[in-house]
Chemist: 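Below you will find the structure I want to go over with you.
Nothing here was measured: the structure is a model prediction, and the numbers come from that model. Just so you know, these numbers use all the heavy atoms, side chains as well, and skip hydrogens, waters and symmetry mates. Within every chain, numbering begins at 1; the chains are lettered A, B, ... in the order of the sequence lines, protein sequences first and strands thereafter.
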Amino acid sequence: KKSKKSFGDRIHSLSDHFRGVDDELLEEIMVILLESDVGIHTAQKIVDLFSERSKEIKNYDSMEDYFIAILKDFYNEDPSDIIHYNTEGPTVFLMVGVNGSGKTTTAAKLMQMYKDVEFNVAVAAADTFRAGAVDQIEEWANRIGVPCIKGKPNQDPSSVLVDACRYAKTNNIDILICDTAGRLQNKSNLMKELSKMNRVVAREIEGAPQEVWLVLDATTGQNGISQAKIFMEAVNVTGIILTKMDGTAKGGVVLAIRDQLHLPVRFLGLGEKPEDLCPFELDNYLMGITKGMDQNAE
Amino acid sequence: MAFESLSDRLNKALKNITGQGKLTEKNMNDMLKEVRMSLLEADVNYEVVKNFIADVKEKAMGQEVMESLNPGQMVVKIVHDEIQELLGSEDAQLNFKKQGITTLMMVGLQGTGKTTASAKIAKYCTKKMKRRVLLVACDVVRPAAIQQLQTLGQDIDVDVFTMGADVDAVTTAEEAMKYAQDRQKDLVIFDTAGRLHIDEALMQELSDMKASIQPDNIVLTVDAMSGQDIITVARDFNEKLGITGLIVTKLDGDARGGGLLSVRSITNVPVLFVSNGEKMDDLEAFHPDRMADRILGMGDVMTLVEQA
Ligand SMILES: Nc1nc2c(ncn2[C@@H]2O[C@H](COP(=O)(O)OP(=O)(O)OP(=O)(O)O)[C@@H](O)[C@H]2O)c(=O)[nH]1
Ligand SMILES: Nc1nc2c(ncn2[C@@H]2O[C@H](COP(=O)(O)OP(=O)(O)OP(=O)(O)O)[C@@H](O)[C@H]2O)c(=O)[nH]1
Ligand SMILES: [Mg+2]
Ligand SMILES: [Mg+2]
């Protein structure tokens, strides 16, 4: 408790009495990162950066600002790296991820988002496996007012995607969102099935899927790294959608994933309603992580 | 990224020690640093790790270890046993009423596996314990949550009670109890909507349900992939509801599952079942020794033995 208090004192107004980076401060930084699920290896890297560049601290108004600057450099955002769209036909988004991470709900949120800007949107119910999965996506599609292409229970999900791609081409669809069944990345047969789905989409529409979203639950710990790695091997994952950020988890494993696999975060899920999706904004996100500083300070 | 097993690491740490002669407090600290690292990689909450390391150190500094020929193995054993003890015992059971209808409320964060686990337990109790089970669809939030439970109920041949998505969860639960009485059911399982521990309105809904049904079991689902924050979640659920048991889900994945240790340290309630797949038979008894191996990254051997 004692050390936390003194740390709190050091957060604001560095200019006056900042005495330098000491072990105690580095330990506090480490704890904030660990509590955010950044993971010990990545956290250590960031702490080292924090310490190496500590002379720069004086250029910032607060410790928080300095910390965010370090994290920002670490994340190394690439402004030229943007969401791809198909200019010659339907743009296809493939939703992938482990069980229960929020794929279907996020598909609904994307439908809403693109519909709001007057795109022609359709959704493919390619989770033909889980009980109630088709009903779930269909209900969202109906509520939002978007056509839903579905198959029969236990139908090969790839064939549903073929139907959906053909529907999209003949019906002038701008955005086709493909919901897939949740799968744990260590199930190699299910990962093969996913690769096949990716392939048939590519065969039907050139350059598709334009984006493959790995939907990652913010409460996930270090397993997120394994998820990103193995899903990237199976399909061409282009970005992460980090869900359940309306809770108290920080989803810091995305920093480890960014470091090791260079995968960007694209959107945050902030609730269970179709409007609860917002584009990923690095500064805000990092501010959320450093919030631990104030909490710890109390 | 392959995780090094704890034994490998301790051996490495020990290599540095050989040549220095006796095992000292400093050497011990090096080893404990490796233990700490390994537990953090397994997603054990860092506060829990801190306390754990302090306990282990006390035990490990005892004469026995200091003088043993293979202190690395000794430390592994102490760590393993300590974790196993923290995880609790093998033979935890659901609380069954001697007479009348036993009730179970399934609670937890969104997408952690409540509905699936509700149905699996229903099947297990029907088949293995000859119970007359009723599943109750109290998730009126998530689209098609009711259909999901109904489909599972059909698959396992268990009755599912629902009043549709327009009737609130508490009313549905109360009506389900009357229905269960009429049909002479003796186990009623309430599947509830996933919710965040900080969602006051929905947490209140569970408190209201609890007050009305007075469930014999309130079971929290813990996703094996959970990170550091699960400790906050478990604390809140437990403070507001009084959890009686845990189910660890998605253990068929490759997560080490250290979050379970965090939850155990906060709630001190038993782990009742392991959920390890999407199929209705993928429900197992909990083995703390195997779970300890897994958290420490030593589980592969055991799993292979099991599968053979
Ligand atoms: N609080 C919160 N809940 C969310 C969010 N996104 C999804 N959920 C909830 O998480 C649960 C699982 O979401 P789904 O969209 O069904 O997840 P999924 O990945 O499609 O699940 P499977 O298809 O079974 O693998 C549901 O209860 C959703 O309402 C979010 O951003 N915040
Ligand atoms: N691989 C695996 N998947 C599981 C397990 N338990 C549940 N699932 C899957 O995880 C996803 C979510 O499971 P649900 O039972 O719908 O979870 P829930 O807690 O009821 O979700 P909400 O009601 O939305 O909060 C589904 O895809 C399930 O098939 C498990 O032990 N292993
Ligand atoms: Mg889904
Ligand atoms: Mg459910």
Chemist: Please determine, by modelled atom types, if A:Glu272 and B:Gln110 share a side-chain donor-acceptor pair under 3.5 angstrom.
Modeler: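 Present: a donor and an acceptor within the cut-off.
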Chemist: Would a 4.5 Å heavy-atom cut-off, applied to side chains only, mark A:Arg143 and B:Pro143 as touching?
Modeler: yes
Chemist: Are side-chain heavy atoms of A:Val98 and B:Lys250 found at a separation under 4.5 Å?
Modeler: no
Chemist: So which residue, A:Arg130, A:Lys187, A:Gln227, A:Lys244, ends up with the most heavy-atom pairs under 4.5 Å with chain B?
Modeler: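 Greatest number of close heavy-atom pairs with chain B: A:Arg130.
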Chemist: Side chain from CB out, backbone as N, CA, C, O: work out which of these in B:Asp252 comes under 4.5 Å of a heavy atom of chain A, or both, or neither.
Modeler: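 Answer is both: backbone and side chain atoms of B:Asp252 are under 4.5 Å from chain A.
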Chemist: Quick one: does A:Met30's side chain get under 4.5 Å of B:Tyr46's, heavy atoms only?
Modeler: no
Chemist: For A:Asp23, does the CG atom have more than 12 heavy-atom neighbours from other residues, nucleotides or ligands under 6.0 Å away?
Modeler: no
Chemist: Looking only at heavy atoms, which two atoms of A:Ala131 and B:Leu152 are closest? And how far apart?
Modeler: CB-CD2, 3.7 Å
Chemist: Would you say the side-chain atoms of A:Asp37 pair up with the backbone N or O of B:Gln228, donor to acceptor, closer than 3.5 Å?
Modeler: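 Looks like yes, one N/O pair under 3.5 Å.
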Chemist: Do B:Asp223 and A:Thr219 come close enough that some side-chain heavy atom pair is under 4.5 Å?
Modeler: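 In short, these two side chains do not touch, never coming nearer than 4.5 Å.
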Chemist: Of the backbone (N, CA, C, O) and the side chain (C-beta and beyond), which part of B:Leu149 lies under 4.5 Å from a heavy atom of chain A, both, or neither?
Modeler: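 For B:Leu149, no heavy atom lies under 4.5 Å from chain A.
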Chemist: Does B:Asp229 reach the side chain of A:Lys250, with side-chain heavy atoms less than 4.5 Å apart?
Modeler: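 In short, these two side chains do not touch, never coming nearer than 4.5 Å.
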Chemist: If you count heavy-atom pairs under 4.5 Å between each of A:Thr248, A:Thr105, A:Val134 and chain B, which one has the most?
Modeler: A:Thr248
Chemist: Quick one: what part of A:Ile137 sits under 4.5 Å from any heavy atom of chain B, side chain, backbone, both or neither?
Modeler: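 No part of A:Ile137 comes within 4.5 Å of chain B.
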Chemist: How about CG on A:Asp48, more than 12 heavy atoms from neighbouring residues, nucleotides or ligands closer than 6.0 Å, or not?
Modeler: yes
Chemist: Would you indicate whether the side-chain heavy atoms of A:Asp217 and B:Met225 approach each other to under 4.5 Å?
Modeler: no
Chemist: What part of A:Leu34 gets within 4.5 angstrom of chain B, counting heavy atoms only: side chain, backbone, both, or neither?
Modeler: both
Chemist: For A:Gln185, is it the side chain, the backbone, both, or neither that has a heavy atom closer than 4.5 Å to a heavy atom of chain B?
Modeler: side chain
Chemist: Do any N or O atoms from the side chain of B:Asp43 and from the backbone of A:Gln222 form a donor-acceptor pair under 3.5 angstrom?
Modeler: yes
Chemist: What part of B:Ile230 gets closer than 4.5 Å to chain A, counting heavy atoms only: side chain, backbone, both or neither?
Modeler: neither
Chemist: Can you confirm whether B:Asp254 sits close enough to A:Ile230 that some side-chain heavy atom of one is under 4.5 Å from a side-chain heavy atom of the other?
Modeler: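 Result yes, sub-4.5 Å side-chain heavy-atom pair found.
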Chemist: Could you check whether atom CD of B:Gln154 has more than 12 heavy atoms from other residues, nucleotides or ligands sitting under 6.0 Å from it?
Modeler: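 For B:Gln154, atom CD is not crowded (no more than 12 foreign heavy atoms under 6.0 Å).
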Chemist: Kindly check if the number of other-residue, nucleotide or ligand heavy atoms within 6.0 Å of NZ (A:Lys196) is above 12?
Modeler: no
Chemist: Quick check: closest heavy atoms across A:Gly132 and B:Ala144, and the distance to 0.1 Å?
Modeler: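 The answer is O-CB, 3.8 Å.
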Chemist: How about NZ on B:Lys123, more than 12 heavy atoms from neighbouring residues, nucleotides or ligands closer than 6.0 Å, or not?
Modeler: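 Yes, the 6.0 Å shell around NZ holds more than 12 heavy atoms from other groups.
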Chemist: Identify which part of A:Val253 has an atom lying under 4.5 Å from any heavy atom of chain B, answering side chain, backbone, both or neither.
Modeler: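 A:Val253 has no heavy atom closer than 4.5 Å to chain B.
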